[in-house]
2 protein chains.
Amino acid sequence: MYAPSTRPVVLDPHGAANTCAHCDARAHSVCNAVPDADIARLAAIAVVTHAEPGTTFIQEGDPATHFFNISAGTVRMYKLLPDGRRQITGFAGVGHFLGLAVSDTYAFSAEAIDQVRFCKFSRARVRTLLDDYPAMEKRLLAVAATELVAAQEQMLLLGRKTARERLASFLILQSRQGVACNASRGRFELPMSRSDIADYLGLTIETVSRTLTKLRSDGFIDIPSTTEIAIRAPAALENLATGMA
Amino acid sequence: MYAPSTRPVVLDPHGAANTCAHCDARAHSVCNAVPDADIARLAAIAVVTHAEPGTTFIQEGDPATHFFNISAGTVRMYKLLPDGRRQITGFAGVGHFLGLAVSDTYAFSAEAIDQVRFCKFSRARVRTLLDDYPAMEKRLLAVAATELVAAQEQMLLLGRKTARERLASFLILQSRQGVACNASRGRFELPMSRSDIADYLGLTIETVSRTLTKLRSDGFIDIPSTTEIAIRAPAALENLATGMA
DNA sequence: CATGCACCTTGAGCCAGATCAATGAGACCT
DNA sequence: AGGTCTCATTGATCTGGCTCAAGGTGCATG
């Protein structure tokens, strides 16, 4: 069973009534805007789906038919140039909402990094739902605004920061997002590969690897394993991230 | 009268009833979501303001008290690093809406490039207005989604494109935005300086200048004056912008 | 427990774009 | 008309991160 699947597996094509009521991700997501009493309406249009590592479940340029809400795992969103150069525009974890766009095609692709579970919602159905739940619309606006701020921060990183500053910024961001999941202070998992990190930070794999090694030898971080990081000097790393070093 | 003004000039502190009804920018902006009959309500909370070239009217980190709608001129939005490195995150023209953020402080600064006119709206008042005009909320969501897509495109540019590709992409974008304003086909004004272009594209002034010169000598563009560009070979430039050259 | 494979690290040399340094071209003033 | 100021162009040199090239490492498989 190791042949790469090209299609995500649909587990629950018609949505059990309590799909949403018991969803772990609901507390962190836009779905929260729908009150308990009406949660069945949301569940009715949700299609719970799994995606194996490496599976592309949103393809840039395809007709934008659905919204997505991640309930487990981590996703990479990216854009490609015709010659294959890739820019990862963000990583989406539990509770993250994907597919906001006015255009009728997706503006980016999305792939499962690890084992991913998500809910699919038909755009047309969500639109009618939104009319009844203005709170959800407000929530979506808040999500979009938050993402916009993050995107502007990333532009600053990509346009003006050095490799060292980029890695410092990235590690701080990841440590904040991972903090809820992991016990030991300042230590966290990196679900993505060096190649993903490079394409997110506008660098090459080699520069990412070299820079991480240097940050370790300079005492800013520990690298217990390839996929784990521990921050030794948070304040110093923070300064590094904003160029104050 | 050449001393730089540090504060924008408020022209119409309490908003004449027909301020919005006759606004040139309304057709291109979110204000359009308020129907004619109710336009006075919008006008009542609008404060029309002018900003001289170079004036900063939004300061990153300041309490986010207002929304802004540009009705004339061009604005640069940017973020700074402590040591002064600047990333311009976008240019805002007529009809552009600024100030979307969940945070209670502005995430970026904004400066008038040329003579700018804009309407200021108190956030608190807009919030109550939004409850009565869900169409306006939808419009805001659409604006945010559009900006998000543009931001992702810019990340691809900053992270993965060469200087030549960046300039080609930038010129195509500017030509599209300027097309409505200017008569002769493929020709348009650049309201911003080389320094602004450099900080928008993650390059230096010198590289911008050299690359523009090279694009001219290669026959892609003409540069009738420092602030004007004419695209000679749109298709070839388009290919260049996406790395297919 | 070797073998293969995918991913990561490290080294050596190179190059696109940065930096440093004049010079040129307008715009406005006296 | 000359002076000054700001911004753009052009040239010479330097360098951070890329490219090319070898290993190293961990894990799954036969």
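Everything numeric in this text was worked out from a predicted model, so none of it was measured. A note on names: the letters A, B, ... follow the listed sequences, proteins ahead of strands, and every chain is numbered from 1.
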Colleague: What integer distance in Å separates Lys214(A):NZ from dG17(D):P?
Modeller: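 After rounding, the gap between these two atoms is 12 Å.
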Colleague: Could you give the CZ-to-P distance, from Arg166(A) to dG17(D), as a whole number of Å?
Modeller: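 Nearest whole value for this atom pair: 7 Å.
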Colleague: How close or far is atom P of dC18(D) from atom CZ of Arg85(A), stated in whole angstroms?
Modeller: 13 Å
Colleague: Any non-hydrogen side-chain atom of Thr211(A) less than 4.5 Å from a side-chain atom of Leu203(A)?
Modeller: no
Colleague: Out of dC18(D), dA8(D), dA21(C), which nucleotide sits closest to the side chain of Thr226(B)?
Modeller: dA8(D)
Colleague: Would you mind reporting whether Phe68(A) and Lys120(A) have side-chain heavy atoms less than 4.5 Å apart?
Modeller: yes
Colleague: Starting from P on dT10(D), measure out to CD1 on Ile205(B) and report it in whole angstrom.
Modeller: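 Whole-Å distance recorded here is 15 Å.
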Colleague: In whole Å, what is the span from the CD atom of Glu165(A) to the C1' atom of dG16(D)?
Modeller: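 Between C1' of dG16(D) and CD of Glu165(A): 12 Å.
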Colleague: In sequence, state the C-alpha distance, the side-chain angles, and the governing distance for Thr56(A) and Glu111(A), and then conclude on side-chain hydrogen bond (donor to acceptor under 3.5 Å, both in side chains).
Modeller: CA-CA 4 Å; Thr56(A) 305; Glu111(A) 278 177 14; 3.3 Å; yes
Colleague: Give the nucleotide from the list dT10(D), dA21(D), dA8(D) with an atom nearest to the side chain of Ser193(B).
Modeller: dA8(D)
Colleague: Among dG11(D), dG17(C), dC8(C), find the nucleotide with the atom closest to the side chain of Arg194(A).
Modeller: dC8(C)
Colleague: Can a salt bridge be assigned to the pair Asp218(B) and Arg232(B) using a cut-off of 4.0 Å between side-chain N and carboxylate O?
Modeller: no
Colleague: For Ser209(A) and Lys161(B), find the nucleotide of DNA chain C closest to each by heavy atoms; which residue's nucleotide sits nearer the 5' end?
Modeller: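 With Ser209(A) and Lys161(B) compared, the 5'-side residue is Ser209(A).
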Colleague: Just the rounded figure in Å: distance from P of dG24(D) to CD of Glu206(A).
Modeller: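 Atom-to-atom, Glu206(A) to dG24(D), this comes out as 17 Å.
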Colleague: Where the side chain of Thr207(A) is defined as all heavy atoms beyond and including C-beta, which of dA18(C), dA21(C), dC18(D) is the nearest nucleotide?
Modeller: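 Per side-chain heavy atoms of Thr207(A), the pick is dC18(D).
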Colleague: Rounding to a whole Å, what distance do you find between Leu167(A):CG and dG16(D):P?
Modeller: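 Computing the Leu167(A):CG to dG16(D):P distance gives 16 Å.
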Colleague: Return the nearest nucleotide to the side chain of Arg210(A); candidates are dA12(C), dT19(C), dT9(C).
Modeller: dA12(C)
Colleague: Could you tell me the separation between the CD1 atom of Ile223(B) and the C1' atom of dT10(D), rounded to a whole number of Å?
Modeller: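 Nearest whole value for this atom pair: 13 Å.
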Colleague: Side chain of Leu203(A), heavy atoms from C-beta onward: which of dC18(D), dT19(D), dG17(C) has the nearest atom to it?
Modeller: dC18(D)
Colleague: Between Thr204(B) and Leu212(A), who's closer to the 5' end of DNA chain C by nearest nucleotide?
Modeller: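 The 5'-side residue here is Leu212(A).
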Colleague: Measuring to OP1 and OP2 of dT9(D), would you say a side-chain N or O of Thr213(B) lies under 4.0 angstrom away?
Modeller: no
Colleague: Does any part of the side chain of Leu212(B), heavy atoms only, come nearer than 4.5 Å to the side chain of Phe220(B), both counted from C-beta?
Modeller: no
